[in-house]
Amino acid sequence: MFIGIDDTDSERGLCTTYLAAVLMDRLRPFGELVGLPKLVRLNPCAQFKTRGNAAIAFQIETERVQEVRDLALQTVVELSDLSGKNTNPGLVMADAVSRRMRDFYKRAVTEILEIYEAREILEADGVWHQGFKKGRGLIGALAAVGAELEDHTYELIAYREPKRWGTPRMIDQASVWKADSLTYPLTWDTVDCHNNRIVFAPHSADPVLFGIRGDDIGAIDLAFQTITSEPWERKVLYLTNQGTDAHIIPGVVSEIVDNKSYRLKGRVKDAPQAIEGGHLFFSIHDKENSLVCAAFEPTKNFRDTVKKLIPGDLIDVYGAVKERTLNLEKLEVLELADRIATQAPLCPSCGKRMKSAGRGQGYRCRRCKLNAEQRELKALPRDIETGFYEVPPCARRHLSKQLVRMKGQKVHPSR
Ligand code: ATP
């Protein structure tokens with residue numbers, strides 16, 4: 001049985017991953033859990049997400065179908081915030097994963113879908129499901145079941161004891177920095193060195209204590225063992241599409257639409273300009289189409305890189321398009337334009353720099369009495385190289401592929 005769950009929490013608390021963690025433990029006497037549970041992130045532009053648009057699916061080998069269903073239903077009712085305005089849980093239990101479900105996942109991570117589209121597939125494939133309230137969670141629950149994670153990473157999530165929910169998390173900061181230095185780059189986004197922040201623990205009232213992300217299970221475990229914190233209630237290692245760019249569609253500027261995430265190639269058209277609040281904007285063009293790109297204030301030191309771009313640079317930009325503006329997650333500088341300055345020419349006789357002969361009258365060497373019409377062009381050094389640049393860990397999107405994962409590419413990881 002493949003069990004998918006989504007949309008059980010609200011801004012006030014709880015968490016779908018916690019519900020799944022509890023359910024998996026409760027189901028152990030009824031069968032055998034197969035492989036790792038999947039923590040699947042879906043389109044980050046989905047309107048009704050609470051935080052990171054996560055959904056969960058796991059597999060259990062069982063003969064006791066009815067009991068498993070009853071326990072799953074009971075756990076969803078017990079551990080969902082059904083009073084949440086935008087909480088519309090969905091529970092899916094499938095005997096097999098069909099081609100249609102796999103395609104549905106690919107669409108759910110890149111497009112905006114409607115609840116009826118999930119229901120149509122569930123009906124067509126004869127899949128048992130239960131939607132609560134509007135049942136919007138069926139979208140994520142079905143997509144999580146259908147997710148085939150060719151590229152994947154891992155996240156180990158530790159959950160808090162319920163009596164501590166809503167209180168400040170007690171985590172020994174020094175141990176977190178140590179865990180990171182022992183295991184980076186096999187784990188990542190635990191700390192943000194440049195911005196001097198720990199970024200692996202939420203600050204909200206939900207049950208998550210912290211999450212350690214990486215692509216090496218041994219390194220994740222070492223990091224976990226290194227961290228000193230309040231006692232955790234349970235922990236789960238998930239297989240996940242985080243850090244894989246699963247949401248990114250290779251595209252061209254003329255074809256983009258809002259609420260999708262793209263990789264687009266273009267030349268910088270206008271130099272980056274900051275507006276009030278520290279948000280930075282510039283535009284790129286590919287042939288006759290142009291697009292505004294933004295590095296917002298929360299992207300912090302990434303903006304220092306963006307500021308170094310000049311018109312003519314050829315770049316690939318990565319990010320979600322909202323209101324015809326691409327919110328940068330990373331960029332690749334493919335070709336640097338020449339930065340040109342002009343200056344008075346040298347005198348061909350004495351070799352000294354000539355002086356202006358007056359407005360619009362060219363240049364003159366007073367000593368040698370020689371004139372010249374044209375200014376001299378001079379290439380200035382660029383303080384940026386080709387290669388990939390990314391936002392820092394404190395601004396990372398769950399799905400964005402970290403540069404440390406890009407093997408064989410010229411990268412400038414932000415850490
Ligand atoms: P958390 O990360 O804490 O679990 P969340 O950010 O995942 O919360 P949800 O409460 O799960 O947010 O709400 C997201 C809602 O959006 C769910 O109902 C899910 O089914 C739906 N959804 C997911 N992907 C899409 C999509 N591509 N198009 C439309 N709706 C989607």
Side-chain angles (χ1 to χ4, degrees), residues 1-10 14-24 26-27 33-44 46-60 62 65 68-82 84 86-149 236 238-242 246 398:
M1 256 179 141
F2 298 87
I3 303 182
I5 314 169
D6 195 15
D7 206 349
T8 64
D9 56 6
S10 71
L14 293 168
C15 172
T16 302
T17 75
Y18 179 72
L19 189 156
V22 172
L23 178 58
M24 285 188 285
R26 288 182 180 174
L27 287 178
L33 295 167
V34 182
L36 293 177
K38 288 182 281 181
L39 164 57
V40 177
R41 300 282 174 180
L42 299 169
N43 187 346
Q47 189 190 350
F48 294 104
K49 67 176 184 176
T50 315
R51 283 175 288 266
N53 203 4
I56 297 283
F58 60 90
Q59 190 185 353
I60 181 168
T62 182
V65 174
V68 169
R69 259 181 214 168
D70 291 346
L71 197 50
L73 277 171
Q74 185 194 318
T75 308
V76 170
V77 171
E78 183 192 332
L79 290 176
S80 294
D81 182 8
L82 286 165
N86 281 323
T87 305
N88 298 285
L91 176 63
V92 165
M93 293 194 184
D95 296 334
V97 179
S98 68
R99 173 78 191 270
R100 264 194 284 241
M101 295 180 194
R102 288 196 282 271
D103 292 345
F104 188 78
Y105 158 69
K106 287 191 183 135
R107 290 184 58 212
V109 77
T110 51
E111 300 173 25
I112 299 294
L113 303 176
E114 300 291 336
I115 306 172
Y116 79 86
E117 297 179 81
R119 288 193 191 277
E120 273 178 10
I121 293 175
L122 291 162
E123 302 292 331
D125 283 352
V127 172
W128 186 94
H129 61 278
Q130 178 74 56
F132 299 78
K133 294 166 66 186
K134 291 183 183 148
R136 184 175 295 111
L138 291 172
I139 299 175
L142 177 61
V145 168
E148 259 187 337
L149 305 181
V236 177
Y238 295 96
L239 188 78
T240 171
N241 63 352
Q242 292 172 172
H398 293 290

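Just so you know, these numbers come straight off a predicted model, no measurement behind them.
- Nearest heavy-atom pair across A147 and V40 is CB-CG2, 3.8 Å.
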Open item on the list: Please evaluate residues D7 and K49 with respect to the criterion salt bridge (Lys or Arg N to Asp or Glu O under 4.0 Å), reporting the C-alpha separation (whole Å), side-chain torsions for both, the decisive distance (0.1 Å), and the verdict.
Closed with: CA-CA 8 Å; D7 206 349; K49 67 176 184 176; over 6 Å; no
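- I139 and E114 make their closest contact through CD1-C, 3.8 Å (heavy atoms, listed as atom of the first residue, atom of the second, distance).
- The closest side-chain heavy-atom distance from T17 to V236 is not below 4.5 Å.
- Panel note: side chain S98, backbone M101; a donor-acceptor pair is recorded below 3.5 Å.
- Side-chain contact annotation: T240 with R41, donor-acceptor N/O pair under 3.5 Å absent.
- Using a 4.0 Å cut-off between a side-chain N of Lys or Arg and a carboxylate O of Asp or Glu, E117 and R107 qualify as a salt bridge.
- Taking all atoms of both residues into account, the shortest heavy-atom contact from G140 to L42 is CA-CD1, 3.5 Å.
- With a 4.5 Å cut-off on side-chain heavy atoms, P44 and H398 do not count as touching.
- The CZ atom of F48 sits 8.0 Å away from the CD1 atom of I115 when rounded to the nearest 0.5 Å.
- Electrostatic pairing of R51 and D9 counts as a salt bridge here, judged by a charged N lying under 4.0 Å from a carboxylate O.
- Counting only heavy atoms from C-beta outward, the side chains of L27 and F58 approach each other to under 4.5 Å.
- Between L149 and Y105, some side-chain heavy-atom pair lies under the 4.5 Å cut-off.
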TODO: Could you go through the side-chain contact (heavy atoms from CB on, under 4.5 Å) check for H129 and L91 one step at a time?
DONE: CA-CA 6 Å; H129 61 278; L91 176 63; over 6 Å; no
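- Note that CG of L142 is 5.0 Å distant from CZ of F104, once rounded to the nearest 0.5 Å.
- Electrostatic pairing of R99 and E148 does not count as a salt bridge here, judged by no charged N lying under 4.0 Å from a carboxylate O.
- The number of heavy-atom neighbours closer than 6.0 Å to NZ of K134, taken from other residues, nucleotides and ligands shown, is 12 or below.
- Contact between A141 and D6 at its shortest, heavy atoms only, is N-CB, 3.6 Å.
- Residues V92 and L138 have side chains in contact (heavy-atom distance under 4.5 Å, counting atoms from C-beta outward).
- Between Q59 atom CD and K38 atom NZ the span is 8.5 Å, to the nearest 0.5 Å.
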Task: Candidate pair S10 and N86, rule side-chain contact (heavy atoms from CB on, under 4.5 Å), full reasoning - done: CA-CA 7 Å; S10 71; N86 281 323; over 6 Å; no
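- Contact annotation: the side chain of K106 never approaches that of T110 to less than 4.5 Å [non-hydrogen atoms, C-beta and beyond].
- To the nearest 0.5 Å, the span separating CE on M93 from CD1 on I3 amounts to 4.5 Å.
- Between atom CG of residue L23 and atom CD1 of residue I56 there is a gap of 11.0 Å, rounded to the nearest 0.5 Å.
- No side-chain heavy atom of N43 sits less than 4.5 Å from a side-chain heavy atom of V109.
- Donor-acceptor pairing under 3.5 Å is lacking for the side chains of D81 and T87.
- Taking both residues in full, the closest heavy atoms of A21 and Y238 are given as CB-OH, 4.1 Å, listed atom of the first, atom of the second, then distance.
- Between the side chains of T8 and T16, at least one donor N or O lies within less than 3.5 Å of an accepting N or O.
- Here the shortest heavy-atom pairing between F2 and D95 reads CE1-O, 3.6 Å.
- Using a 4.5 Å heavy-atom threshold, the side chains of R69 and W128 count as touching.
- Under a 3.5 Å cut-off, the side chain of K133 and the backbone N or O of L82 do form a donor-acceptor pair.
- Atom CG of L71 and atom CD of E78 lie 9.0 Å apart (nearest 0.5 Å).
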